[in-house]
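Remarks on the structure that follows.
Order of the sequence lines fixes the chain letters, A, B, ..., with proteins taken first and strands second; residue numbering starts at 1 for each chain.
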Amino acid sequence: MRPPLGPAFSTQLLLWFDAHQRALPWRGAPSPYAVWVSEVMLQQTRVESARHYYERFMQRFPDVAALAQADEQDVLQHWAGLGYYARARNLHRAAQIVSREHSGKIPDDPTRFASLPGCGPYITAAVQSIAFGAPLAAVDGNVKRVLARLDADPFPVNHTRAHRHYLPRAQELLSPHRPGDHNQAMMELGALICTPRNPDCPRCPVAAFCTARAQDTAHRLPVREKKQRAPLRHFVSVILVHRRRYLLFQRPAKGLLGGLWEFPSTERTAQETAQEACARYVHALTGHSGAVPQHATQLQHAYTHFRLHIDVYYCPVPSRALQAPTQLPHRWLPLDDVADFPLSSVNQKILRWAQQHNARP
DNA sequence: AAGCCGGGGAT
DNA sequence: ATCCCAGGCTT
């Protein structure tokens, strides 16, 4: 049996939030557009990671019209390094829809807003409650953790149906008077007090309502399903140079790192060394068989579903002709111009290496 | 329902 | 090394 909470819970929560919330760039009477941009950036992304990107993005695209008119490459350029690039592409498309079909005004109707690309249940509840006062509970990773502890609920928070499971409880607790602040307060509580490890129960404003606190089991909640470890894959990236110009490819519009640019790269098979893979790739790319790739550096990186080991090579070639036209857009660029293209985090590291070594190993 | 999609900070 | 974050889309 759950303790009867009623409005007492949100009263205590909001008192704490009013006194202890962090000063963040998207707080303090933000425009609906500012709320939207911040919520999209904060998906699966910590506040401190998104903060700088948010400031820069809002300076460059201050309103829906500015974003709608922008070139997608410009939008990606301001997102490069933040990850989950479909967020940027969807936000850009959504801004164009708002501009064309809603006279530039962000819909204050949850159903219409939810039909925009990138606007799922969480974004919709967050934006509609914070910007327009709609009484919709926003359920993210923080909220699920807080609720799991509040009720000592063993339902795994990373289960496919976790959102469906925790939403009714979140909705029942939601303050009808200040739904936007209540939603932010739940997330702020999860970020500052009810943290994944070592929750600070003595300083929790709603500890009196918490079943896990009463049972002293907060440190063992929430329950989480095991997931298998990401496999390791080996890639070779090559800094291909012809007369101080560097070859860059653009990745396909969809899928991993969609629309971003990168130094040429290929996956290494188990049967070849990195050096052999690089020579094989350069030959396939340029037809030039006498290439002697020089090892530049190694990088490690982790994506959600696999880990990456990358050997980076430096390889001058005698011609700019490409043998097998890869269908993918490419450019031969002066090193100083490469940074003007949206690069993934890994390729930003490769670029920095090239700059530091002045293009020579 | 399960898989795909980034990156970094905390532990 | 592992976890996990202001999740949504595709299949």
*Using a cut-off of 4.0 Å between protein heavy atoms and nucleotide atoms, how would you tag nucleotides 2-10 of chain B 5' to 3' with B, S and -?*
S-BBBBB--
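Open room surrounds CZ on A/Arg243; 12 or fewer heavy atoms of other groups in view lie less than 6.0 Å from it.
Salt bridge present: A/Asp74 and A/Arg60 bring a charged side-chain N and a carboxylate O closer than 4.0 Å. The pair A/Glu72-A/Arg89 does not count as a salt bridge, with every side-chain nitrogen at least 4.0 angstrom from each carboxylate oxygen. Between A/Arg178 and A/Asp18 a salt bridge is recorded (basic side-chain N to carboxylate O distance below 4.0 Å).
Side chain of A/His20 to backbone of A/Trp16: no donor-acceptor contact under 3.5 angstrom is found.
Nearest-nucleotide mapping onto DNA chain C: of A/Lys254 and A/Glu188, the residue sitting toward the 5' end is A/Glu188.
Taking 4.0 angstrom as the limit, A/Arg145 places none of its side-chain polar atoms (N or O) nearer than this to OP1 or OP2 of C/dC3. Not one side-chain nitrogen or oxygen of A/Arg307 sits closer than 4.0 Å to the OP1 or OP2 atom of C/dA1.
In this structure, A/Arg27 reaches the bases: a heavy-atom distance under 4.0 Å links it to at least one base atom across the strands shown. Within 4.0 Å (heavy atoms only), A/Arg89 reaches no atom of the nucleic acid at all. In this structure, A/Trp79 reaches neither bases nor backbone, as no heavy-atom distance under 4.0 Å exists between it and the strands shown.
Between A/His163 atom NE2 and C/dC9 atom C1' there is a gap of 15 Å when expressed in whole angstrom units. Atom-to-atom, CG of A/Asn158 to C1' of C/dC3 comes out at 11 Å; the value is rounded to the nearest Å. A/Gln300 has its CD atom 9 Å from the P atom of C/dA1, to the nearest Å. One can place CD of A/Glu225 at 11 Å from C1' of B/dA1, the figure rounded to the nearest angstrom. Rounded to whole Å, atom C1' of C/dC4 lies 12 Å from atom CG of A/Asp140. Straight-line distance from the CG atom of A/Leu192 to the P atom of C/dA6: 10 Å, rounded to whole Å. With rounding to whole Å, A/Leu232 atom CG is found 11 Å from C/dA1 atom P. Regarding A/Asp200, its CG atom lies at a distance of 12 Å from the P atom of B/dT11, rounded to whole Å.
The separation of C/dA6 from B/dG3, taken at their C1' atoms, amounts to 23 Å, rounded to a whole angstrom. For the C1' atoms, the distance linking B/dG6 with C/dC3 amounts to 15 Å, nearest Å.
Aromatic ring orientation, A/Trp353 versus A/His357: parallel (interplanar angle below 30°, classes split at 30° and 60°).
Taking CG from A/Asn142 and CE from A/Met186, the interatomic distance works out to 9.5 Å, rounded to the nearest 0.5 Å.
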